[in-house]
Structures are given as structure tokens and as C-alpha cells.
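To start, the structure under review is shown below, and the notes come after it.
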Number of protein chains: 2
Amino acid sequence: MQVGTFQRIFPGGYAPAACPSRTVLEHVTSKWGVLILVALVDGTLRWSELRRRVEGVSEKMLAQTLQTLEADGLVLREARPVIPPHVDYSLTSLGADLVKRLLPLLEWIGEHAEGIAGRAQ
Amino acid sequence: MQVGTFQRIFPGGYAPAACPSRTVLEHVTSKWGVLILVALVDGTLRWSELRRRVEGVSEKMLAQTLQTLEADGLVLREARPVIPPHVDYSLTSLGADLVKRLLPLLEWIGEHAEGIAGRAQ
DNA sequence: CAGAATCCTATACGATACTG
DNA sequence: CAGTATCGTATAGGATTCTG
């Protein structure tokens with residue numbers, strides 16, 4: 001019997017809520033998750049640089065999302081004990097690997113968004 | 001001057017809330033958007049098949065997400081006027097194109113979810 | 001500068017019941 | 001079978017203020 005792409009990639013189907021994949025998927029595809037990860041594609045950024053690059057993000061959501069991504073091992077946070085504070089954020093190798101899969105998606109959306117947004121109300 | 005990946009892909013930066021890309025990104029990365037799109041990777045599914053394949057989705061969210069994706073031109077809905085009703089859902093060519101970019105991401109998450117979920121609390 | 005803390009609101013989401 | 005309608009809640013997310 002022929003096995004489809006879905007079966008090949010998800011032999012057990014999408015697992016129910018408890019599945020780790022769901023959790024990670026929701027972290028990554030949270031409103032700001034993708035945007036923050038991709039913002040770090042070219043290397044280290046400071047908190048304030050990140051805030052500027054990810055337009056529209058509130059301080060709360062930036063902090064919260066960064067903490068989640070750090071806990072997931074996707075983002076590295078390095079704080080220098082100086083005054084005023086200096087904190088650098090960068091992708092871990094895991095995070096960089098993930099972003100490689102994210103970029104084609106973002107590029108595609110960038111190319112097609114206009115046409116798509118036109119349809120929807 | 002050297003132009004980074006971010007600048008190359010997003011010459012104007014991530015536009016503010018008004019940007020169509022943001023809207024499309026949020027549709028696609030909504031809680032069920034990715035799951036529904038990828039569920040259709042191997043071809044047409046009926047409503048009930050979709051509900052079974054996308055485990056855990058409520059009727060409300062399945063209907064709502066499908067409507068959004070249909071309005072976006074990513075999913076095609078074909079209803080046959082029979083009793084009992086028979087409705088087929090499939091990817092449009094645009095949707096199929098998008099799913100090509102989604103699969104590597106989902107595969108990656110499937111491979112790494114265990115390790116990532118282990119870290120986070 | 002880089003957040004934490006607090007307060008508040010919109011809405012995403014789910015459960016249930018109903019219908020052509 | 002394939003939804004719609006209604007209701008209720010959790011929480012995602014934002015605005016603001018405060019601080020080492």
C-alpha cells in the first residue's frame with residue numbers, strides 16, 4: 001500500500017494536546033516567535049536592537065517570548081554585569097537550524113502576502 | 001557595505017501591524033492553520049476526515065480556520081448538493097506551494113520536539 | 001539599558017446544543 | 001454529514017509604571 005507524505009512524516013498522526021511537537025510548534029508560531037527568531041538570523045542583537053527590528057512588539061511580549069525561546073534552547077541570552085546593563089541575544093545552533101526552515105516560509109509569505117491579503121476581508 | 005540575510009529578505013524590515021505579511025503569517029501560524037494545511041498535503045479530505053486527522057480540533061475552530069484559509073485562497077472547498085452533505089477540502093495550487101515550505105519546518109519540529117520540550121518546564 | 005510588575009481588555013478557543 | 005449558533009473562559013497580548 002502506498003504511503004502518503006503525511007503518513008511518512010507523521011507516522012503516528014498529529015498527537016493530541018500532550019504531544020511535545022504541539023508545544024514547540026506553538027512556541028515557534030506564537031505571534032512573535034517567528035519574528036524574533038528570524039530577526040536574529042544575522043547574529044547577535046541587543047535588547048533594544050531587537051525591539052526596534054521587531055516592529056510593534058511590546059516590552060512584555062518581547063521579554064516573555066525571549067524567555068520561552070531561551071528555555072527551549074533556541075536563543076542564547078548573555079548579560080554583561082555592567083552599568084548600564086548590556087544584554088546580547090543570539091541564536092543557538094539549534095535555533096539557527098530552525099531558522100533555516102523558517103526563512104523559506106517567510107520569504108514565500110513576503111512574496112505572496114499582497115495577493116492573499118487582497119482576497120480576504 | 002555588507003547586507004545581511006535579514007536586510008536581503010526584508011528590505012523594509014517587518015512592517016508594522018498594517019502589513020499584509022503579518023496578517024498572512026498569523027493566519028498560517030494560527031493554532032490550527034499549519035495543522036490543517038499540512039493535513040491536506042496528500043490530497044482531498046472530507047470534513048469528517050479532516051476532523052479526525054487534525055486531532056483535538058473543535059468543530060468551531062475547524063470551520064473557522066477553514067473559512068479563513070479558503071478566503072486566503074489556500075484551501076478549496078467543494079460541496080456536493082446531496083443528502084447527506086458531502087464536502088471536499090483540498091489545497092489550491094497556492095496552498096500546495098505554501099505547504100512545501102511548511103513541511104521542512106514540521107519535520108524539523110518532529111525530530112527535535114522531544115529534546116526541546118524536555119528543557120522547558 | 002534591560003527589564004519586572006501591575007493592571008486591563010480583546011479574542012482565541014472550547015463545550016454544548018441545534019439543524020438542513 | 002457538515003456544519004451554525006450560543007455561551008463561557010482562559011490567556012494572549014498591550015499600556016503603563018517602576019527599578020537596579
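In what follows, every chain begins at residue 1, and chains take the letters A, B, ... in the order their sequences are listed.
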Cluster link B:Leu76 to B:Leu69, ILVMFWY, side chain under 4.5 Å: no
5' precedence on DNA chain D between B:His86 and A:Ser30 (nearest-nucleotide basis): B:His86
Short side-chain to backbone donor-acceptor contact, A:Thr5 and B:Val41, under 3.5 Å: no
N/O donor-acceptor pair under 3.5 Å between A:Glu49 side chain and A:Arg46 backbone: yes
Can you give me the N/O atom pairs linking the protein to nucleotides 14-18 of chain D at distances under 3.5 Å, or say none if there are none?
residue: D:dG14; atom: OP2; partner: A:Trp32; partner atom: NE1; Å: 3.3
residue: D:dG14; atom: O6; partner: A:Lys60; partner atom: NZ; Å: 2.5

Parallel, tilted or perpendicular, as decided by the 30° and 60° cut-offs, for the rings of A:His112 and A:Trp108: parallel
B:Leu103-A:Leu102 co-clustered via ILVMFWY side chain contacts under 4.5 Å: yes
Lys/Arg-Asp/Glu bridge criterion (N-O < 4.0 Å) met for A:Arg77, A:Asp88: no
Presence of B:Arg77 side-chain N/O under 4.0 Å of D:dG3 phosphate oxygens OP1/OP2: yes
A:Phe6 six-ring face occupied by B:Arg53 cation (under 6.0 Å, within 45°): yes
Main-chain N/O of B:Ser90 paired to B:Thr44 side chain as donor or acceptor, under 3.5 Å: no
Selection: residues 33-44 of chain A, any non-hydrogen atom under 4.0 Å of DNA chain C: none
Side-chain heavy-atom pair B:Leu94, A:Ile116 within 4.5 angstrom cut-off: yes
N or O in side chain of A:Gln67 less than 4.0 angstrom from C:dG3 OP1/OP2: no
Any A:Arg51 side-chain N or O less than 4.0 Å from OP1/OP2 of C:dA2: no
From CG (B:Leu35) to CG (B:Leu40), nearest 0.5 Å: 11.0 Å
Any A:Tyr89 side-chain N or O less than 4.0 Å from OP1/OP2 of C:dG3: yes
Terminal helix-axis angle for the helix from C:dC1-D:dG20 to C:dG20-D:dC1, with five pairs defining each axis and rounding to 10 degrees: 60°
